[in-house]
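Working notes, beginning with the structure itself.
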Amino acid sequence: MSEAGYDFKRIEEKWQKYWAENRAFETSEDRTRPKYYCLEMFPYPSGRIHMGHVRNYSIGDVVARLKRMKGFNVLHPMGWDALGMPAENAAIKHGTHPETWTRDNISHMREQLKKMGLAYAWDRELATCDPEYYRWNQYFFIRMFDRGLAYRKGGLVNWCPKCATVLANEQVVGGGCWRCETPVEQRVMEQWFLKITAYAEQLLQDEKLLTNWPEHVLTMQENWIGRSEGARVAFAIDGVGDVTIFTTRLDTIYGATFVALSPEHPFAQGLIEGSPTEAEARQFIAQCAAERMARGEPAEKRGLDTGRKALNPYTGEMVPVFLANFVLMEYGTGAIMAVPAHDERDHEFALKYGLPIRQVIQGPAPNDYAKSAYTGEGVVIASGPFTGLPSDQARTRMAAHAKEREFGEAAVTYKLRDWGISRQRYWGTPIPMIHCDRCGVVPERIENLPVRLPHGVALTGSGDSPLAHVPEFVNTRCPGCGGPGRRETDTMDTFVDSAWYFLRYVSPRFDTAPFDAADVRYWLPVDIYIGGIEHAILHLIYLRFITKFLREEGLVHVAEPIPKLVTQGMVTLGGSAMSKSKGNVVDPDAMVEKYGADALRVFILFAAPPEKDLEWTEHGIEGSYRFLNRINSIVQSTVPLFRAASEVPSGPAARELLRKLHQTIRRVTHDIEVRLHLNTPVASMMEFLNAFDAAAPSVRAEAGGEAALRECVEKLILLLSPFAPHLAEEWWEMTGHQPPIATAAWPSFDEDLAREDQADVIVQVNGKVRGHASCPFGAPEAEVSKLAEADPKVASAIAGKTIVKRVYVPNRLLNIVVR
RNA sequence: GCGAAAGUGGCGGAACUGGCAGACGCGCUGGACUUAGGAUCCAGUGGGGAGACCCAUGGGGGUUCGAGUCCCCCCUUUCGCACCA
């Protein structure tokens, strides 16, 4: 930048070195002090930090630095989500080892973060690829296995052909892979699942503890968990047995004119066996399966009449049984009762196959059932003993009836599925299980953990587990019988790693347990968690789940580890997210090089509040750089004042400027701490700077004025220090203070000094501003009215009219209502 | 289709519980200092009107002394889920 600017290179290097040498941001062992745990989502070590990281970490850094200055024992850690596919892909491409690639990236990115001046407790740094870290993933897995919360199951799984691995349901976004957007296919495979569904209700209930989560994140999680209240009812199918259906509209069951099963339903084969159209039916099932594999857009509804009949236990009627492609095996029971009159899907199907449509709900308006279904509620009709009841009452009574007769009961269903964690990849946590011909699948012994990733492994990315080709890894002893055993060769989903890293930070080197109980007790819950919205359901539901499990294990005392969440918006350029493929990436390094880290931080915080998207503009960072330069020259010119004797400022200009100062302190503190808006604090500091420039000459001329200027500069440096920490340290030292400013006391504001003594009351006539009345603070209405009505503009506006009433808001506004 | 969030100058955005709409910054215009300036400083900058004033927070209603803010309807955009029975 220009020669006129401050020497940010020298200053930033100097203070980064100072902080490192003095271990300035490590935590205190003093447990009597109040703690503050400030956490940002740790990055995947992809190679370089991007603007999203800069934003995320700058936001967290302001909070952490403010809290430290306010006397909290602050835990502000950083680490690396270091296992995962890109490392493996890079290794395949460049012929290196994933670990080499990952460690190199970590080293580089660590330096980048240090150059941002981020106040991390670097002594607590962790990487999930450390065996001492993933060891505990294995420990948790075994505990889950012992408790029946980890299990192995075959079935259809989501398969990403590009990543050549399985994906959890949460990782399928809009039918594509969350990482590469490749359309997901279905495959039949055995894999390991974690029983997150056992916590569905808790996850839902405990949302009420997430008092400071954005509403839309909670909504997304609710939708994902997808709780529905309804009932299960058994329909007896002749020659096959009872098939249980799930419905949320039991009140419509008298209108059920057929039953439909998913083609994947376990009964499907039995239903068609021996039927005259068995061959055709098999073909239909195969076709549906093929459709599902492709996972194309919603296929046209198709069905197959099995020729069998099922007994509706309410009506005693025998209704046809269909296999239908629109019935999902993975939701409810995989079988439905179809009520064409009151369900659109059933209606469409009934029209196509000429099935009866029988109205059993009377809605508020007439409905043409030949054209459409009525899906609302109403009064139940033509429903035997339940006729005449409103829908909700009918449901309750009907469920009670089913329970009594033992053919059904009220039931709750969730959309949430168990978390499939097997990945056919190398660079992940080995699943610590051993297959033994004699004992079955048995867990590795706890004392043998970690099961380490072997080093010399051929990586092909072809889709079968690389570990399967390493005999030294695969062949082992069965912990049960001591005979030969084969290790599980799939690795864990890396979301397992990131589901508990915030707990490991409290005692990152602890080696007899995943974390020290006393440390957890002191540091948890996390006081604030800041990260991208893209994790609203993946990471943020997994970590809640793992915490609930760990609480049952007696390892954690909180039900919810993170009661406050801030989801920051994207950094965009040209209106869309920066990405290599779009070629609209701005490299943070280049900006640090050109304007310095402080200017970059100030701009990225100033440009938008945290939750909003932020459009990058280089003009913007120039503005921030100018702002810092202005303060720099003011500090330079006021340095001599800091050597002068202290005096008490007494003049009116000083009084006015100090008032503005204390108002600024109040606003900056409140906006950071309470609202977490970091753009407005910067704005108010700029405003204060403008006021300072304007007032400085007259303040300086007053008795004790220099002391006032000195106070203003000193406090401004403190206020700015979380935003521009390097410069603040430099100024702090220049003005004769003992570094570091990072642990100096945050300025407190003086309510008396901040208070205005003159109020500028807005005078309105019929709600329109007509004048102002300057009067002493706290002046009574009568006095203000008198002043107001003396204003010529006000006088002319009310001339010849009748005053109906006056609305007076002390010190702010007087509205004279006339007619 | 269902669910959620958001619509304010040329741009990013301010406006705490309803109380001067447009703080602050960018950009732009004019000026000063300069051999020069894409540096710095000063002034101006929602629209209309000569002016008193009038009009303006996606559109339309409403509540209120007073609405960007609260209520109802509509429009647009973004995001999430998507045959969930």
Inset, instruction - Both distances under 3.5 Å, Watson-Crick or G-U wobble: on that basis, could you give the dot-bracket string for RNA chain B, with [ ] for crossing pairs and | for other-strand partners? - result: (((((((..(((......[....)))((((((.......))))))(((....)))..(((((..]....))))))))))))....
Report all interatomic pairs (protein N or O, nucleotide N or O of nucleotides 28-34 of chain B) with separations under 3.5 Å.
none

Inset, instruction - Send over the distance from A:H670 NE2 to B:U17 P, rounded to a whole Å. - result: 9 Å
Legend entry - With A:T617 via side-chain hydrogen bond (donor to acceptor under 3.5 Å, both in side chains) - residues at least two apart: none
Inset, instruction - Not counting sequence neighbours, list each pair that qualifies as a salt bridge (Lys or Arg N to Asp or Glu O under 4.0 Å) and has a residue in residues 408-419 of chain A. - result: A:K403-A:E409
Inset, instruction - For A:E377, check salt bridge (charged side-chain N to carboxylate O under 4.0 Å, His left out) against everything at least two apart and list the hits. - result: A:R395
Give every donor-acceptor pair under 3.5 Å between a side-chain atom in residues 678-686 of chain A and any protein atom, sequence neighbours left out.
residue	atom	partner	partner atom	Å
A:T680	OG1	A:D671	OD2	2.7
A:S684	OG	A:T680	O	3.0
A:S684	OG	A:P681	O	3.1

Inset, instruction - Have a look at A:V327 and say if it touches a base, only the backbone sugar-phosphate, or nothing, with a 4.0 Å heavy-atom cut-off. - result: base
Legend entry - Partner residues of A:S633 under the side chain to side chain contact (heavy atoms under 4.5 Å, CB included) criterion, sequence neighbours left out: none
Legend entry - Counterpart residues, side-chain hydrogen bond (donor to acceptor under 3.5 Å, both in side chains), relative to A:D693 (two or more places apart): A:R630
Protein and nucleotides 63-65 of chain B: nitrogen or oxygen contacts under 3.5 angstrom:
residue	atom	partner	partner atom	Å
B:C65	O2'	A:N815	ND2	3.2
B:C65	O2	A:N815	ND2	2.4

Nucleotide N/O to protein N/O under 3.5 Å, stretch nucleotides 69-73 of chain B:
none

Inset, instruction - Taking side-chain hydrogen bond (donor to acceptor under 3.5 Å, both in side chains) as the test, write out the residues that go with A:E344, two or more places apart. - result: none
Legend entry - Those residues that, when tested against A:Q663, pass side-chain hydrogen bond (donor to acceptor under 3.5 Å, both in side chains) (two or more places apart): A:E756
